[in-house]
There are 2 protein chains.
Amino acid sequence: MAKTTITDIAKKLGLTPSTISRALAGNPRIKIGTREAVEKAAAEMGYERNAVASSLRSGKAMTVGIIVPRINRMFFGNAISGAESVLNEAGYTVIICQTHEKVENEKNALKTLSMNRVAGILISHSIESADSSHIREALDSRSKLVQFDRVFYDLPGAKVVNDNFHGAYEATSHLLRMGYKKIGTLAGYMNVSCYKERLDGYFKALSDAGMSRDESLVYYGSILQETGRVSGKKAIEAGCDALYSAGDFSALGAVEAACEAGKNIPEDFGIVGTANEDFTSIMNPPLSSLDLNPYEIGRQAALAFLDGSDEVVKVKTELRERLSSKRNGNR
Amino acid sequence: MAKTTITDIAKKLGLTPSTISRALAGNPRIKIGTREAVEKAAAEMGYERNAVASSLRSGKAMTVGIIVPRINRMFFGNAISGAESVLNEAGYTVIICQTHEKVENEKNALKTLSMNRVAGILISHSIESADSSHIREALDSRSKLVQFDRVFYDLPGAKVVNDNFHGAYEATSHLLRMGYKKIGTLAGYMNVSCYKERLDGYFKALSDAGMSRDESLVYYGSILQETGRVSGKKAIEAGCDALYSAGDFSALGAVEAACEAGKNIPEDFGIVGTANEDFTSIMNPPLSSLDLNPYEIGRQAALAFLDGSDEVVKVKTELRERLSSKRNGNR
DNA sequence: AAAGAAATTGCAAACGTTTGCAAACATGGC
DNA sequence: GCCATGTTTGCAAACGTTTGCAATTTCTTT
């Protein structure tokens with residue numbers, strides 16, 4: 001049994017497909033009576049609009065693509081949920097693509113979305129993406145681009161990001177207030193905007209406290225548990241008594257390193273992570289972390305798409321102070 | 001600048017759209033020379049096949065929909081990744097829909113996918129889905145259905161599931177071997193196949209150990225951290241010295257309840273969860289858990305779709321024994 | 001009651017691709 | 001040089017919807 005089409009409905013009611021189309025679209029040019037008759041018939045016949053045909057004719061799919069490094073990170077999972085809530089409400093279907101941090105997958109995803117003539121693309125680029133060139137190439141006048149979290153400022157379109165600078169500033173300041181003296185940082189990669197901004201915020205907090213910029217305290221490329229562990233070990237050996245980590249997984253690794261080095265957290269060693277992953281409150285000790293409000297990031301990205309805005313939206317971060325950084329009094 | 005179409009290429013080469021279409025599809029009826037010329041021109045002109053038009057004409061979209069309760073559960077995230085790896089390889093685009101465990105969202109997702117004329121639907125139904133009726137209604141002769149993890153056996157199409165019965169049997173037996181005497185279970189909802197099967201496996205292990213079926217040991221509907229905590233407290237008060245939990249989040253809640261009750265894990269109280277979520281190895285103590293191999297589940301589901309198979313595929317579980325259930329010697 | 005305006009519906013083309021069938025062309029056997 | 005066969009390409013319709021414009025009907029107004 002083939003699906004019923006508007007032509008089927010038209011035949012049954014002695015009307016034409018155009019009228020059916022307009023009636024179902026709520027076009028005011030159609031008499032209220034016929035519209036009701038059409039709706040009734042459509043319901044009875046189990047009509048479902050063919051989104052494919054609709055997209056082809058109108059030249060615009062009611063579909064939005066979301067490209068993220070991976071969906072099983074709390075941050076991206078929630079950002080997607082936030083975007084979905086807005087987009088579904090507005091009648092859009094969402095296609096989600098994972099890049100697994102590979103630029104090659106990112107190119108494929110962009111191509112796939114382009115082939116499907118999506119109305120918009122919400123993207124947070126992979127770590128491998130050194131610059132914006134491949135995204136610019138895939139750009140298309142007919143689909144709107146919105147970047148979030150990890151953005152290239154030289155691309156057109158809206159950008160929704162955290163206030164990473166202030167967040168990292170706050171996290172580092174918190175460690176300073178707790179009396180830690182030599183605070184290192186597990187940084188990410190500098191081609192990725194959010195990591196760059198967090199590093200800047202970290203440095204600003206130290207300089208505001210009268211400390212000079214010390215590159216030897218920065219452990220670049222530490223965003224996984226394993227790299228966090230290795231860098232954490234180095235930081236401890238270098239005499240750090242605290243770390244601000246630009247990610248939670250690397251912070252977890254650093255906690256392990258600290259334990260292995262016989263450090264007491266938070267008495268001997270303090271640490272603050274970023275992203276407020278689920279596991280941070282479960283860890284022993286619970287990990288202080290910078291909450292990035294990913295759901296709101298996703299929501300704002302979707303709204304920017306709907307509005308067609310071209311601005312930079314900043315979403316606040318919130319420091320969740322937990323045991324890993326709260327020692328009693330200073331030393 | 002509008003996208004180049006096969007008609008554009010045809011004009012440039014003095015051919016017709018049909019030839020271009022066939023050439024790009026690798027149709028052997030086209031002379032090898034012209035095919036190469038077409039490919040060259042297509043590359044030069046930046047041609048990208050319009051997937052929408054292609055779908056409409058051929059009546060079949062190279063798109064597969066995946067419906068899951070939520071994407072930020074390790075299990076579903078990895079299942080999706082597994083399915084994606086197979087489907088992308090085969091040229092399919094994947095649309096992911098979250099139901100957030102609501103049957104209403106599930107209906108909408110089914111409708112959306114149906115409207116988009118997807119070639120197949122991979123689904124793990126929500127907890128709210130009491131029966132298969134709404135899925136059956138949305139069924140369509142042209143799109144293949146594959147259920148995974150949570151399945152209704154009365155629906156047609158392939159089903160990819162864990163060997164939950166044996167997994168739960170193994171987990172419970174492990175607790176018995178460790179010398180726990182009164183083993184309760186945090187069960188899920190009995191309309192959900194995987195939870196039902198796990199409960200059966202749990203009972204079988206107990207009965208094989210000579211214990212009679214005791215419904216008072218079963219705490220239904222315990223799958224979240226909070227419900228796990230409440231049920232865990234009740235179980236402890238009822239004198240249980242161990243729990244097999246059909247989920248990890250509820251196991252986490254039960255661990256909290258045990259700690260609050262002053263129990264030592266694993267000496268006074270043993271616990272095994274299910275799903276091997278990331279946090280299980282981070283917890284204090286690390287939580288024993290039944291690994292469900294979600295990536296393989298997703299892979300198999302995608303393969304079942306591609307093969308058009310109608311069989312039930314069982315994926316093995318693996319018990320990860322950690323500290324939460326490994327006490328020294330029996331009592 | 002006639003003319004003009006407004007409301008409602010129909011006509012037909014278009015979106016870009018695929019595909020059955022026919023046509024054109026080349027090749028080979030006799 | 002003719003017919004049969006095989007190879008390569010073109011024609012035209014179709015997928016189901018949307019939409020500018022025209023046509024028809026109904027309602028106002030004088």
Side-chain angles (χ1 to χ4, degrees), chain A residues 1-38 41-42 45-63 91 93 114-119 140 142-143, chain B residues 1-38 41-42 45-63 91 93 114-119 140 142-143:
Chain A
M1 45 154 192
K3 296 229 170 191
T4 54
T5 70
I6 55 172
T7 314
D8 298 334
I9 303 180
K11 273 181 191 146
K12 180 167 181 184
L13 297 182
L15 295 168
T16 57
S18 3
T19 307
I20 311 298
S21 174
R22 282 190 258 254
L24 292 175
N27 189 316
R29 289 194 333 191
I30 300 298
K31 191 165 52 172
I32 184 84
T34 58
R35 198 184 79 193
E36 284 165 1
V38 168
M45 303 172 74
Y47 171 75
E48 261 175 10
R49 175 204 273 121
N50 185 329
V52 179
S54 177
S55 297
L56 176 61
R57 166 60 227 228
S58 62
K60 191 131 278 306
M62 285 299 278
T63 303
T93 302
S114 175
M115 282 178 57
N116 282 281
R117 302 300 191 265
V118 294
D140 182 343
R142 68 177 73 197
S143 73
Chain B
M1 46 159 190
K3 296 230 173 191
T4 54
T5 69
I6 56 171
T7 313
D8 299 333
I9 303 180
K11 273 181 192 148
K12 180 167 181 183
L13 298 182
L15 296 168
T16 57
S18 2
T19 306
I20 311 299
S21 174
R22 282 190 258 254
L24 292 175
N27 190 316
R29 288 195 333 192
I30 301 298
K31 190 165 53 171
I32 183 84
T34 58
R35 198 184 80 194
E36 283 165 1
V38 168
M45 302 172 73
Y47 171 75
E48 261 175 10
R49 175 204 274 122
N50 185 330
V52 179
S54 177
S55 297
L56 176 60
R57 167 58 227 230
S58 61
K60 191 133 276 310
M62 285 299 278
T63 304
T93 302
S114 174
M115 281 177 58
N116 282 280
R117 303 298 191 264
V118 295
D140 183 342
R142 67 178 75 197
S143 73

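Please read these numbers as outputs of a predicted model, since none were measured by experiment. Reckoned from all heavy atoms, side chains included, excluding hydrogens, waters and symmetry mates. Residue numbers start from 1 in every chain, and the chains themselves are labelled A, B, ... in the order their sequence lines are given, proteins ahead of strands.
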Seminar exercise, completed: Heavy-atom nearest pair, B/V118 first then B/S143, reads O-CB, 3.0 Å
Exercise. Looking at five pairs on each end of the helix from C/dA1-D/dT30 to C/dC30-D/dG1, what is the angle between the two axes, given to 10 degrees?
Worked result: 50°
Problem set entry | For the student: nearest non-hydrogen atoms of B/A10 and B/P17, plus distance | CB-N, 3.7 Å
Exercise. How long is the line joining CG of A/L56 and P of C/dT18, in whole Å?
Worked result: 12 Å
For this session: Could you tell me whether A/G33 contacts a base, only the sugar-phosphate backbone, or nothing, with contacts defined as non-hydrogen atoms closer than 4.0 Å?
Result: nothing
Problem set entry | Spacing between B/K3 atom NZ and C/dA14 atom C1', to the nearest angstrom | 19 Å
Exercise. What does A/L15 touch in the nucleic acid at a heavy-atom separation under 4.0 angstrom: a base, only the sugar-phosphate, or nothing?
Worked result: sugar-phosphate
Problem set entry | Over 12 foreign heavy atoms within 6.0 Å of CZ, A/R117 | yes
Exercise. Salt-bridged, A/K3 to B/D140, with N to O below 4.0 Å?
Worked result: yes
For this session: Compare the minimum distances between each of C/dC11, D/dT17, C/dT17 and the side chain of B/T5, then state the nucleotide with the smallest one.
Result: C/dT17
Exercise. Whole-Å distance between C/dC15 C1' and B/D8 CG?
Worked result: 13 Å
Problem set entry | Where B/A119 and B/A61 come nearest, the two heavy atoms and their spacing | CB-O, 3.3 Å
Problem set entry | Residues A/S18 and A/S21: side-chain donor-acceptor under 3.5 angstrom | no
Exercise. If only side-chain N and O atoms of B/S54 are considered, is one of them under 4.0 Å from the OP1 or OP2 phosphate oxygen of C/dT17?
Worked result: no
For this session: Could you check A/E48 against B/K31 and say which one's nearest nucleotide on DNA chain D is further toward the 5' end?
Result: B/K31
For this session: Rounded off to whole Å, could you give me the CZ-to-P distance for the A/R35 and C/dA7 pair?
Result: 16 Å
Exercise. Phosphate oxygens OP1/OP2 of C/dT18: is one of them under 4.0 Å from a side-chain N or O of B/S21?
Worked result: yes
For this session: Kindly indicate whether the side chain of B/I9, heavy atoms from C-beta on, has any atom under 4.5 Å from the side chain of B/L15.
Result: no
Problem set entry | Nearest-neighbour nucleotide for the A/I30 side chain, D/dG16, C/dT9, C/dG10 considered | C/dT9
Seminar exercise, completed: Comparing nearest nucleotides in DNA chain D, the 5'-proximal residue of the pair B/R22, B/S58 is B/R22
Problem set entry | Per B/R29 side chain, nearest of listed nucleotides D/dG10, C/dT9, C/dT17 | D/dG10
Problem set entry | Nucleotide of C/dG16, D/dG10, D/dG16 approaching B/N50 most closely (side-chain heavy atoms) | C/dG16
Problem set entry | Contact under 4.0 Å: B/T19 side-chain N or O vs D/dT8 OP1/OP2 | no
Exercise. Of the non-hydrogen atoms in B/A53 and A/L56, which two are nearest, and what is the gap between them?
Worked result: CB-CD1, 3.6 Å
Seminar exercise, completed: In whole angstroms, the gap separating P of D/dG10 from CD1 of B/I9 amounts to 14 Å
For this session: Indicate whether OP1 or OP2 belonging to D/dC15 is found under 4.0 Å from a side-chain N or O atom of B/S55.
Result: no
For this session: Would you mind reading off the distance between B/R117 atom CZ and D/dT17 atom C1', rounded to a whole angstrom?
Result: 11 Å
Exercise. Given atom CG of A/N27 and atom C1' of D/dT18, what is their separation to the nearest angstrom?
Worked result: 11 Å
Problem set entry | Interatomic distance, A/K11 NZ vs C/dG10 C1' [rounded to whole Å] | 16 Å
Exercise. Can you find an N or O donor on one side and an acceptor on the other, under 3.5 Å apart, linking the side chain of B/R57 with the base of C/dT18?
Worked result: yes
Exercise. Do any side-chain nitrogens or oxygens of B/R49 fall under 4.0 Å of OP1 or OP2 in C/dT18?
Worked result: yes
For this session: Examine the base of D/dC11 for any acceptor or donor lying under 3.5 Å from a partner atom in the side chain of B/S18, and report the outcome as yes or no.
Result: yes
